[in-house]
There are 2 protein chains.
Amino acid sequence: MTDIARLAGVSTSTVSRALAGNPLIPGPLREQIVALAAAHGYVINQSARSLRRQKTDTVGLVIPLGHEAGQLISDPFFLEMVGRLSDEITLRDHAVLLHRVVATQPGWLDRLIGAHRVDGLLVIGQSDQHQTLNAVAAHYAPLVVWGGHLPDQAYCTVGVDNVGGARMAVEHLIRTGRRNIAFLGVPQAPEVALRHEGYRRALSDAGISASEALSAPAHFTTETAYDAMRSLIASGVAFDGVFAASDVIALAAVRALKADGRSVPQDVSVVGFDDSSVARYGDPPLTTVRQDLETAARVMVDLLFRRMAGERTPSSTLAPELILRASSSR
Amino acid sequence: MTDIARLAGVSTSTVSRALAGNPLIPGPLREQIVALAAAHGYVINQSARSLRRQKTDTVGLVIPLGHEAGQLISDPFFLEMVGRLSDEITLRDHAVLLHRVVATQPGWLDRLIGAHRVDGLLVIGQSDQHQTLNAVAAHYAPLVVWGGHLPDQAYCTVGVDNVGGARMAVEHLIRTGRRNIAFLGVPQAPEVALRHEGYRRALSDAGISASEALSAPAHFTTETAYDAMRSLIASGVAFDGVFAASDVIALAAVRALKADGRSVPQDVSVVGFDDSSVARYGDPPLTTVRQDLETAARVMVDLLFRRMAGERTPSSTLAPELILRASSSR
DNA sequence: ATGCGTTGTGCAATCGTTTGCAAGCCAATT
DNA sequence: AATTGGCTTGCAAACGATTGCACAACGCAT
């Protein structure tokens, strides 16, 4: 900047103001300086700018992998969410800092915040970090979390009605004559716990007793889901329907069922959750509970920016939609 | 930091050194300061640190969307790549800054670099920015690009042998008796152009003349791919095989074919490219050319870090693998 | 007591911006 | 001619770390 100032015959203050579009600097001079900077390929150093302004124009995107066995960001739903959120954040002229948090030592979130690299935080999925999030929300406002809505929750969430969505899925299975319906998912993550709750309620409303033996713990990865389905089959318990906590789990389950010689949906109806890209192209195409990611991302980013501006915003719950496809019989 | 220094009864220099694990500070004192910092939730301000050290411990992940009609990061292959690269970068204690570059005004890459927010850049896909990349590589070394290997290329790339991979795909189609093979993809992106080249060579080696009428322009999005397939069908040209430049395109093509009453693979064999997550679960599961993303990500990050350390590394080409599934007949 | 390493610490400059405050300039008013 | 006020512009102080250099303290040999 010093160079540009010398070239333009003014001080760095003037250059700084000109580049910031400050109306104190008269139009012609401002344009001349901007042109000069462009010609010399000068770009403002963001570290210095951030330090001085105490803001970074950057949003942190956090993917907690606390309860996951796998080490990587693999679920297509999460990845689509990353894409959607990035688009939305970029639209607002902010940069995106991606954080993949796996070894969740206590204080990881505070450290993220303390580093002052971001002006706000978007957390994709609560994982098993509900307490941490609650504690942090007490002193850090610009934080929006994608996930389930819990009763004792102090932070701002956006998410679909998981209980209602699960209910729609299971009621659909019951309506099409299924009685022994299995659940696939680990309830550590609140979203999954809520989906399990919806599953139980739908069953009990229909007068069906939910057997514990019908729930198998499957993480959000193909491998554990496949294994969970295999061991459910091996356990010998009878079932004619499966409600999975995600599409990836559902598709892995379909694969395991086929490997066992059962056909979908004739022998077993399968319903997933998310309606991520894989669901539509699945074999068979997957009946699933759609979460509208485009809206979700827009709402999350909107809430975050309002929080960054000092507003206190409430949580927001979106309506899920049941998408009927071939993996469940009519 | 001043506070911690006061509390510990030392100067900020000492605190800085203690926190950095500098052996100048004797063990016991160092531990005491570290403990004090932890107890007070003190975290080093990264803007200040970056400014002073002139490095950010951050890698930029760039997704150029120059030639794409759509506005967002949607292709699952790109997203999987983002996930894989993030994992690999995090493993090396660096942060990830995600850049989605859509309106590619000239100089966008220089502006990215000039802002000094990252120590190195990973570009996912050349898009139509080959010239830009070439120009920048002349003065900016820490840059690794995923994409096709071009003859006049000054920057470091990692990518599969696109010509060879496409050849394998098309030869497989020919071997199984297909003669009229269509190509789906826009050749603006070098990867796609190279795949088209492999397609042409395989045909001419088999003594089949490649008709221009068999190539349809499809972008990396479901919609344009679907439309491209529909208009190819509408054009009335006869074909019994399709080689698509990506899995997303291939699956959209399958959908369009089914909508027209043709069955896959009986009437038309379809082969994709990428082996992204959707391919395996497709209906029917997709024969495709696999790009090993795990290796790819590791190689890219490894090369980038060597370049950041000052080494001059050459480009690297990975071997593609043909994955046979049900979308093509044997 | 002096000299000389060795070790541990702090001073102060520096990284590249932004911005409050003051001052210079010029025209208009008294 | 002096005062006022509006525009422009620059000075210099932050922002919060890191680090070269100097110096203090200490033990030990002379």
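Per chain, numbering begins at 1; letters A, B, ... match sequence-line order. Everything numeric here is computed off the predicted structure, so don't read it as measured data.
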Starting at CZ of B/R17, measure out to OG of B/S11 and round the result to the nearest 0.5 Å.
7.0 Å

Describe, in one word, how the ring planes of B/F78 and B/F220 are oriented to each other, choosing from parallel (under 30°), tilted (30 to 60°) and perpendicular (over 60°).
tilted

Please work out which of the three classes, parallel, tilted or perpendicular, describes the rings of B/F77 and B/W146, given edges at 30° and 60°.
tilted

Which whole-number value in Å describes the distance from [X] [atom1] to [N] [atom2]?
{"X": "B/H116", "N": "C/dG16", "atom1": "NE2", "atom2": "P", "answer": "8 Å"}
{"X": "A/L29", "N": "D/dC7", "atom1": "CG", "atom2": "P", "answer": "16 Å"}
{"X": "B/L24", "N": "D/dC21", "atom1": "CG", "atom2": "C1'", "answer": "12 Å"}
{"X": "A/N22", "N": "D/dT8", "atom1": "CG", "atom2": "P", "answer": "11 Å"}
{"X": "B/K55", "N": "C/dG16", "atom1": "NZ", "atom2": "C1'", "answer": "19 Å"}
{"X": "A/I33", "N": "D/dT9", "atom1": "CD1", "atom2": "C1'", "answer": "11 Å"}
{"X": "A/I25", "N": "C/dT18", "atom1": "CD1", "atom2": "P", "answer": "12 Å"}

Is the shortest side-chain N to carboxylate O distance from B/R84 to B/D87 below 4.0 Å?
no

Treating [X] as the side-chain partner and [Y] as the backbone partner, does any N or O pair qualify as donor plus acceptor under 3.5 Å?
{"X": "A/Q126", "Y": "A/G148", "answer": "yes"}
{"X": "A/N134", "Y": "A/Q153", "answer": "no"}
{"X": "B/R298", "Y": "B/E88", "answer": "no"}
{"X": "B/R30", "Y": "B/P23", "answer": "no"}

Close residues, residues 1-17 of chain B, relative to DNA chain D [heavy-atom separation under 4.0 Å]:
B/M1, B/S13, B/S16, B/R17

Does any residue of residues 35-53 of chain A have a heavy atom under 4.0 Å from DNA chain D, and if so, which ones, in number order?
A/L51, A/R52

Under 3.5 Å between N/O atoms: give me all the protein pairs with nucleotides 22-26 of chain C, atom names plus distance.
none

For the pair A/Q46 and B/T56, evaluate side chain to side chain contact (heavy atoms under 4.5 Å, CB included) and give the outcome as yes or no after the intermediate values.
CA-CA 11 Å; A/Q46 288 298 330; B/T56 57; over 6 Å; no

Would you indicate, yes or no, if D/dG16 has its OP1 or OP2 atom less than 4.0 angstrom from a side-chain nitrogen or oxygen of A/Q54?
yes

Knowing that exactly one of A/I124, A/L122, A/I63 qualifies, which makes a side-chain contact (heavy atoms from CB on, under 4.5 Å) with A/M81?
A/I124

Under a 3.5 Å threshold, yes or no: a donor from one side chain and an acceptor from the other, between B/T12 and B/T2?
no

